[in-house]
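Numbering starts at 1 and runs along the sequence shown.
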Amino acid sequence: MLMLTEPPAGSALRAAIARRPRAWRGPLAGAVCIVLGACGTPYLMQAGSGEWHVLHERVPIDAAIADPQTTPAVRAHLEQARAAREFASRELHLPDNDSFRSYADIGRTFVVWNVVAAPEFSVVPKHWCFPVAGCVAYRGYFHEQSARDFALGLEAQGYDVVIDGVPAYSTLGKFADPVLSSMLRYGDDDLAATIFHELAHQLLYVRDDSAFNEAFATTVEDVGLERWLTHQGAATRMQAFRDAQQHEQELVSLLASTRTRLKQLYAAQHPRPEMVVRKAEVFTQLAAEMRALERREGVTVPLYEEWIARGLNNARLASVATYFECVPGFMRLLHEQDDDLPRFYAAARQLAEQPRAERHAQLCGPQQKVSD
């Protein structure tokens, strides 16, 4: 079974733009040994153990709200989570099950830490393959030090690597995933978006195609959040959402154009010393363009500075592309279905049945060749 642990990609950037302390949407793939029947490796064992501990902490949201020990702030967040969960099934036609109807206080900022890697001269992320789950473009750990140790090993092999803490996950409906305490710190709109995104994974998941899966869930997340804000009559929050969404699209476009430049550079196969210098120049320019974007928009985005300080690299670009590259194609597909979500889901399922290359050609445009 695949365990996707992630906050929603869109709301992560939008929250950062709004100066809230939000982690980047990091992908993580884990495996629960009960389902895989393959707990013979330390990696699978830590994933199974971590999932068990999370599930062990669950209590029904209604019980958590009624508990006199629950703080007013947590109670308010859980009331919003409960309302958003009902909206997800009733209005967004997402799975109506026990997922996100319970709450787990995990006692830490992030539930897992993920690792994304790409070769020194490639924008294609490294993939890891698991029974049942298939191959995914990321790998993660319930303990931060384990993630860092694994990342160090990849760096020693010459990979570009990024590590991100992530506050939420989905087990694709195999277990009743709880709302986690780590999901509450980013605000109620991000909390609702997380629920919509993770339920979308339960609705449709395709083996060996992270870009398809994440873009589909990100599309549902975006559309769901807009409809949720409309339902709540939150005009001010809606405008803030749209402003941040526009800024996000500009950043994603900037990162995509940088990936295209790097792909062309790496294909040229210059001598390694020259390649190293030219690669560094591209990322220096990217950092300058990100800061210029901040100046144009009149905002300061701590996330940008964090990325730049930690070192922009191939893995960072690959991580972003996994979530956003195919979103325009999914949005186009939604509009072709007159913005009717059940029809959109059916059309997405039909695409999922096609060979990977064919569905990516329809959804992801000419840039898809960068990530294939």
Are any side-chain N or O atoms of [X] and backbone N or O atoms of [Y], one a donor and one an acceptor, separated by less than 3.5 Å?
{"X": "Thr284", "Y": "Ala280", "answer": "yes"}
{"X": "Asn213", "Y": "Asp209", "answer": "yes"}
{"X": "Ser49", "Y": "Met45", "answer": "no"}
{"X": "Arg242", "Y": "Gln239", "answer": "no"}
{"X": "Thr322", "Y": "Ala211", "answer": "no"}
{"X": "Gln46", "Y": "Phe142", "answer": "yes"}
{"X": "Asn314", "Y": "Pro119", "answer": "yes"}
{"X": "Ser253", "Y": "Gln249", "answer": "no"}
{"X": "Arg185", "Y": "Pro167", "answer": "no"}
{"X": "Glu294", "Y": "Val301", "answer": "yes"}

How many angstroms lie between atom [atom1] of [X] and atom [atom2] of [Y], to the nearest 0.5 angstrom?
{"X": "Asn313", "Y": "Lys279", "atom1": "CG", "atom2": "NZ", "result": "6.5 Å"}
{"X": "Leu334", "Y": "Arg332", "atom1": "CG", "atom2": "CZ", "result": "11.5 Å"}
{"X": "Lys126", "Y": "Asp160", "atom1": "NZ", "atom2": "CG", "result": "13.5 Å"}
{"X": "Arg85", "Y": "Leu199", "atom1": "CZ", "atom2": "CG", "result": "4.5 Å"}
{"X": "Ile65", "Y": "Thr70", "atom1": "CD1", "atom2": "OG1", "result": "8.5 Å"}
{"X": "Phe344", "Y": "Thr219", "atom1": "CZ", "atom2": "OG1", "result": "5.5 Å"}

For [X] and [Y], which I'm curious about, is there any donor-acceptor pair between the side chains at under 3.5 Å?
{"X": "Arg261", "Y": "Ser257", "answer": "no"}
{"X": "Gln245", "Y": "Glu226", "answer": "no"}
{"X": "His127", "Y": "Asp208", "answer": "no"}
{"X": "Ser99", "Y": "Gln202", "answer": "yes"}

ask   = In chain order, what residues pass the ring-ring contact (aromatic ring centres under 6.0 Å, His included) check against Phe283, with sequence neighbours excluded?
value = none

Between [X] and [Y], which heavy-atom pair has the shortest distance, and what is it?
{"X": "Ala168", "Y": "Met183", "answer": "CB-CG, 3.6 Å"}
{"X": "Asp177", "Y": "Leu172", "answer": "OD2-N, 4.3 Å"}
{"X": "Ala64", "Y": "Tyr103", "answer": "CB-CD2, 4.1 Å"}
{"X": "Arg148", "Y": "Ile163", "answer": "NH1-CD1, 3.5 Å"}

query = Knowing that exactly one of Phe110, Phe150, Trp113 qualifies, which makes a ring-ring contact (aromatic ring centres under 6.0 Å, His included) with Tyr141?
reply = Phe150

key: For Phe330, the option from Tyr323, Tyr345, Phe324, Phe216 that meets ring-ring contact (aromatic ring centres under 6.0 Å, His included)   = Phe216

For atom [atom1] of [X], decide whether the heavy atoms of other residues, nucleotides or ligands shown that lie under 6.0 angstrom number more than 12.
{"X": "His56", "atom1": "NE2", "result": "no"}
{"X": "His270", "atom1": "NE2", "result": "yes"}
{"X": "Gln269", "atom1": "CD", "result": "no"}

query = Does the pair Arg359 and Gln350 meet the rule for a side-chain contact (heavy atoms from CB on, under 4.5 Å), with working shown?
reply = CA-CA 9 Å; Arg359 62 175 174 263; Gln350 289 181 349; over 6 Å; no

request  = May I have the step-by-step check of side-chain contact (heavy atoms from CB on, under 4.5 Å) for Leu317 and Leu286, ending in yes or no?
outcome  = CA-CA 11 Å; Leu317 298 185; Leu286 174 59; 4.0 Å; yes

message = Set out, in order, the CA-CA distance, both residues' side-chain angles and the distance that settles salt bridge (Lys or Arg N to Asp or Glu O under 4.0 Å) for Asp164 and Arg310, then state yes or no.
response = CA-CA 11 Å; Asp164 289 304; Arg310 290 165 59 182; 3.5 Å; yes

inquiry  = Between Glu305 and Arg291, is the salt bridge (Lys or Arg N to Asp or Glu O under 4.0 Å) condition met? List the steps.
reply    = CA-CA 9 Å; Glu305 297 306 315; Arg291 287 173 172 146; 2.9 Å; yes

